[in-house]
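What you see is a predicted model; the values in this text were computed from it and never measured. Every number for a ligand or one of its atoms is a count from 1 in the order of the listing.
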Amino acid sequence: MPLLILDRDGVINQDSDDYIRCLDDWVPVPGSIEAIAALSRAGYQVVIATNQSGLSRGYFTLDILESIHDHLRALVEAQGGTVAGIFYCPHLPDEGCDCRKPGTGLLRAIETELQQPVAGCYFIGDSLKDLQAARAMGCRPVLVLTGKGEKTRGQLACADVDLAQPDTVPVYASLAEASQAILAR
Ligand SMILES: O=P(O)(O)OC[C@@H](O)[C@H]1O[C@@H](OP(=O)(O)O)[C@@H](O)[C@@H](O)[C@@H]1O
Ligand SMILES: [Mg+2]
Ligand SMILES: [Zn+2]
């Protein structure tokens, strides 16, 4: 079954410049849970790749992060879908890890755990970090305008060349719209 990679904050749930620190902060973008379930039911293995530096910043504990992810999974399962895996980077930007996007460590961990390449798979994100990580691993980057997506669209014009080419990165208003377009193909 083909993989489909999602960023979390700003794509599945609303983002906040104050971080998503607890379950109450975690508010799904309208239609996103239904979109994940529809993609999953259509045969995609939906995985999530997310930077969670708030862990190392002390903004929330691992228990809180896992309670958010348990809730996310439960909402998708209630719609008849499944989340095949949630991969996160807990590190600070200056720790130099390889798993923080735009690094590719999360994507390589996905390949190892799901036992298949991510090259050619959709990677739907709201930030340039997502699109750059996608490009670095041969994924198909897709930008949504929720979360930081509008800001990212403005950055695309001066991003590294292959992202800046017109029409290189399809842009959709939301995960719901992106998933409808993908499922209509
Ligand atoms: O979009 P994903 O990767 O799922 O998660 C992003 C979050 O970890 C947070 O990432 C932070 O960036 P720094 O990690 O502090 O540079 C900020 O952008 C926050 O607004 C945001 O909530
Ligand atoms: Mg994001
Ligand atoms: Zn990391």
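Cluster annotation: Ile12 is connected to Leu183 through the hydrophobic network of ILVMFWY side chains, with a link wherever side-chain heavy atoms come within less than 4.5 Å.
Listed by number with element, the atoms of ligand 1 under 4.0 Å from a non-hydrogen atom of Arg8 are 4 (O). For ligand 1 and Arg57, the ligand atoms under 4.0 Å from any heavy atom of the residue are 13 (P), 15 (O). Here is the list of ligand 1 atoms found below 4.0 Å of a heavy atom in Arg100: 13 (P), 14 (O), 16 (O). Within ligand 1, counting atoms from 1 as listed, the ones closer than 4.0 Å to a heavy atom of Asn51 are 2 (P), 3 (O), 5 (O), 6 (C), 7 (C), 8 (O). Which parts of ligand 1 touch Lys148 is read off a 4.0 Å heavy-atom cut-off, strictly below it: atoms 18 (O), 19 (C), 20 (O). Residue-ligand proximity, Thr50 to ligand 1, at heavy-atom distances under 4.0 Å covers atoms 2 (P), 3 (O), 4 (O), 5 (O). Numbered from 1 in the order shown, with element, the atoms of ligand 1 that lie under 4.0 Å from a heavy atom of Ser53 read 13 (P), 14 (O), 15 (O).
Residue, atom and distance of the protein heavy atom nearest to atom 10 (O) of ligand 1 are Tyr19 CE2, 4.2 Å. Looking only at protein heavy atoms, the nearest one to atom 2 (P) of ligand 1 is Asp7 OD1, 3.0 Å.
Note that CD1 of Ile68 and CG of Asp24 are 9.5 Å apart. Values are rounded to the nearest 0.5 Å. Once rounded to the nearest 0.5 Å, the distance linking OH of Tyr19 with OG of Ser53 reads 4.5 Å.
For the Zn ion (ligand 3), protein N/O/S neighbours under 2.8 Å (waters excluded) are Cys89 SG, His91 ND1, Cys97 SG, Cys99 SG.
Among the heteroatoms counted here (N, O or S) of Asp9, O is the one nearest to the Mg ion (ligand 2). Of all N, O or S atoms in Asp126, the one lying closest to the Mg ion (ligand 2) is OD1.
The distance from the Mg ion (ligand 2) to the nearest N/O/S atom of Asp7 is under 2.8 Å. Counting backbone and side-chain atoms alike, Asp130 contributes no N/O/S atom closer than 2.8 Å to the Mg ion (ligand 2).
The two residues Leu39 and Val46 come nearest to each other via the heavy atoms CB-CG2, 4.0 Å. Nearest heavy atoms, Ala35 versus Ala176: CB-CA, 4.0 Å. Between Arg21 and Ile64, the closest heavy-atom pair is O-CG2, 3.4 Å.
Residue contacts with ligand 1 include Ser16, since one of its heavy atoms falls under 4.0 Å from the ligand.
Of the heavy atoms in Asp15, only side-chain atoms (C-beta onward) come closer than 4.0 Å to ligand 1.
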Next on the checklist: Run Asp130 and Lys101 through salt bridge (Lys or Arg N to Asp or Glu O under 4.0 Å) and show every step you take.
Outcome noted: CA-CA 6 Å; Asp130 303 322; Lys101 298 172 292 183; 2.8 Å; yes
Next on the checklist: Run the side chain to side chain contact (heavy atoms under 4.5 Å, CB included) test on Arg100 and His91 for me, step by step, so that the C-alpha distance in whole Å, both residues' side-chain angles and the decisive distance to 0.1 Å come before the verdict.
Outcome noted: CA-CA 7 Å; Arg100 177 181 164 80; His91 304 111; 5.6 Å; no
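The backbone N or O of Met1 lies less than 3.5 Å from a partner atom in the side chain of Gln45, making a donor-acceptor pair.
Tested against Ile86 for a side chain to side chain contact (heavy atoms under 4.5 Å, CB included), the candidates His69, Gln52, Arg8 yield a single pass: His69.
For a threshold of 3.5 Å applied to N or O pairs, the pair formed by Asp18 and ligand 1 contains no separation below that value.
Applying the side chain to side chain contact (heavy atoms under 4.5 Å, CB included) test to Thr104 and every residue at least two apart in sequence or in another chain returns Arg108, Ala136, Met137.
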